[in-house]
There are 2 protein chains.
Amino acid sequence: MHQASGHNHRRCIAAALHSADRLCAGSGTRMTALRRKVLAYVWRGHDAVKAYDILARLGGDAHLAKPPTVYRTLQFLRAQGLVHRLESLNAFVGCPQPGKPHEGQFLICSRCGLVREIHEPAIADAVAEGATAAGFRVERQMVEVQGLCAKCR
Amino acid sequence: MHQASGHNHRRCIAAALHSADRLCAGSGTRMTALRRKVLAYVWRGHDAVKAYDILARLGGDAHLAKPPTVYRTLQFLRAQGLVHRLESLNAFVGCPQPGKPHEGQFLICSRCGLVREIHEPAIADAVAEGATAAGFRVERQMVEVQGLCAKCR
DNA sequence: GTCAGCAATGTTATAATATAGCGAGAGTTC
DNA sequence: GAACTCTCGCTATATTATAACATTGCTGAC
Ligand SMILES: [Zn+2]
Ligand SMILES: [Zn+2]
Ligand SMILES: [Zn+2]
Ligand SMILES: [Zn+2]
């Protein structure tokens, strides 16, 4: 787990859970205990989480959860915009600014695992322009950058 | 398989195999029959190929290939720059301009499967700038766009 | 030529990631 | 409380990928 030092991470978790309540209330969906538990675990740090790690965690509670439980829950959280999937890692990360649909870009530290989500219009615009120039109509952008974070350089 | 109409696809395959010969000769590696066969199959069209489809194809030749054979061969081809991996599809596609290391961007048609590789410095630059602004040192960029190609729009 | 060395491929087993399909339970509505 | 629907459990299976070791076969020194 990556725990960025110099900040009170409990606030990150609390903020994520609060956003979840707000979003679910707004969309008529339910923020159940299971979903809350999974979201909290995704937010255990600022790195990406594997589905089977969540599974093991839930299983540890003596419930012995099965894969569909985790994947369904993750799908729900993604649909609410609370969690993103990192395609290059087959892993999941909490969205720090859920609520508004966005084209995020992800910076992934290959040393400590930190995942930082940024929203640079310049990137999204450049991608959109490049695709349009090639005759493509963009539905979804996936931008993931592997590298070293400020602390690990 | 996606076969873009209006072009002689045999030339695409021949060009890929020729590039492979040239690159291997230049790097002191061997373009073996197996590698040639896999590369030719990756180039059976302009869409992405799954590892286990390659496996089935090789197995069809009565050799019954095993997964490591395919993954090792793909790894070799990727190392030579002849093939790219599409992270969002868990699939592979031939590089139309191998030989020079490049930060490619991939446009993936969600209807017909066509994969088009572009090289827009504007995209790579925007990503590099965004990452640098966030304190990251970039090692590898992954840009994949899902959408509709010109024919499918 | 032949033999040592190394690159390539074969083989077995297993790990890691993900979904289909159906049924039971719980909250909501009327 | 009966009907409805969303949620969750559960079994099974599909898909993607790697570890570890054995064997084959090319290549270059001699
Ligand atoms: Zn935090
Ligand atoms: Zn986000
Ligand atoms: Zn072609
Ligand atoms: Zn390329």
Side-chain angles (χ1 to χ4, degrees), chain A residues 20-21 23-42 48-80 82-93 113 144, chain B residues 20-21 23-42 47-80 82-93 113 142 144:
Chain A
D21 285 335
L23 283 172
C24 286
S27 70
T29 56
R30 295 182 223 161
M31 193 64 200
T32 65
L34 175 65
R35 290 165 177 172
R36 179 173 299 275
K37 205 143 110 181
V38 170
L39 181 58
Y41 188 67
V42 166
V49 181
K50 295 280 189 172
Y52 275 70
D53 287 346
I54 299 170
L55 187 58
R57 169 71 169 205
L58 295 178
D61 292 355
H63 273 97
L64 251 331
K66 307 290 191 289
T69 298
V70 169
Y71 282 102
R72 266 190 308 226
T73 305
L74 285 170
Q75 189 171 336
F76 172 85
L77 295 174
R78 290 174 69 193
Q80 306 304 311
L82 292 162
V83 161
H84 297 298
R85 178 186 159 85
L86 298 179
E87 304 289 349
S88 64
L89 297 181
N90 290 345
F92 303 84
V93 69
E144 298 178 16
Chain B
D21 285 335
L23 283 173
C24 286
S27 70
T29 55
R30 295 181 222 162
M31 192 62 200
T32 64
L34 175 64
R35 290 166 178 171
R36 180 172 299 272
K37 206 143 108 179
V38 169
L39 181 58
Y41 188 67
V42 166
D47 58 345
V49 181
K50 296 280 190 173
Y52 274 71
D53 288 346
I54 299 171
L55 188 58
R57 169 70 169 204
L58 294 178
D61 291 357
H63 274 96
L64 251 330
K66 308 288 192 291
T69 299
V70 169
Y71 282 102
R72 268 190 307 228
T73 305
L74 285 171
Q75 188 171 336
F76 172 85
L77 295 173
R78 290 175 69 194
Q80 306 304 310
L82 292 162
V83 161
H84 297 298
R85 179 187 158 84
L86 298 179
E87 304 290 349
S88 63
L89 298 180
N90 290 346
F92 303 84
V93 70
M142 275 159 302
E144 297 177 17

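Below, read A as the first sequence line, B as the second, and so on, with proteins coming before strands; counting in each chain starts at 1.
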Is [Y] close to [X] at the side-chain level, that is, under 4.5 Å between some pair of heavy atoms?
{"X": "R36(A)", "Y": "D21(A)", "answer": "yes"}
{"X": "V38(A)", "Y": "T69(A)", "answer": "no"}
{"X": "F76(B)", "Y": "T29(B)", "answer": "yes"}
{"X": "R85(A)", "Y": "V93(A)", "answer": "no"}

Under 3.5 Å, N/O pairs linking protein and nucleotides 3-8 of chain C:
| residue | atom | partner | partner atom | Å |
| --- | --- | --- | --- | --- |
| dA7(C) | O4' | R30(B) | NH2 | 3.4 |
| dA8(C) | OP1 | R35(B) | NH1 | 3.2 |

With a 3.5 Å cut-off and heavy atoms only, can you find an N or O donor on one side and an acceptor on the other between the side chain of Y52(A) and the base of dA18(C)?
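Between dA18(C) and Y52(A), which were checked side chain against base, a qualifying N/O pair under 3.5 Å is present.
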Taking atom [atom2] of [N] as reference, at what distance in whole Å does atom [atom1] of [X] sit?
{"X": "R72(B)", "N": "dA19(D)", "atom1": "CZ", "atom2": "C1'", "result": "11 Å"}
{"X": "K66(B)", "N": "dA22(D)", "atom1": "NZ", "atom2": "P", "result": "17 Å"}
{"X": "K37(B)", "N": "dT9(C)", "atom1": "NZ", "atom2": "P", "result": "11 Å"}
{"X": "R36(B)", "N": "dT9(C)", "atom1": "CZ", "atom2": "C1'", "result": "17 Å"}
{"X": "N90(B)", "N": "dT16(D)", "atom1": "CG", "atom2": "C1'", "result": "7 Å"}
{"X": "Q75(B)", "N": "dT16(D)", "atom1": "CD", "atom2": "P", "result": "18 Å"}
{"X": "F92(B)", "N": "dT15(D)", "atom1": "CZ", "atom2": "P", "result": "16 Å"}
{"X": "L55(A)", "N": "dC8(D)", "atom1": "CG", "atom2": "P", "result": "15 Å"}

To the closest 0.5 Å, what do you measure between OH (Y41(B)) and CG (D53(B))?
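Here the rounded value is 5.0 Å.
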Would you please confirm or rule out a distance under 4.0 Å between OP1 or OP2 of [N] and any side-chain N or O of [X]?
{"X": "K50(B)", "N": "dT16(D)", "value": "yes"}
{"X": "Y71(A)", "N": "dA18(C)", "value": "yes"}
{"X": "R85(B)", "N": "dA17(D)", "value": "yes"}
{"X": "T69(B)", "N": "dG10(C)", "value": "yes"}

Report the residues that fulfil side-chain contact (heavy atoms from CB on, under 4.5 Å) with R30(A), sequence neighbours left out, ordered by chain and then residue number.
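In terms of side-chain contact (heavy atoms from CB on, under 4.5 Å), with neighbours along the sequence ignored, R30(A) is linked to T32(A), R35(A).
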Going by side-chain contact (heavy atoms from CB on, under 4.5 Å), name the residues that satisfy it together with A91(B), two or more places apart in sequence or in a different chain.
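Testing A91(B) for side-chain contact (heavy atoms from CB on, under 4.5 Å), a comparison that skips the adjacent residues, returns A48(B), K50(B), L89(B).
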5'-most contact on DNA chain C: P67(B) or A33(B), nearest heavy atom basis?
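Comparing both residues, the 5'-ward one is A33(B).
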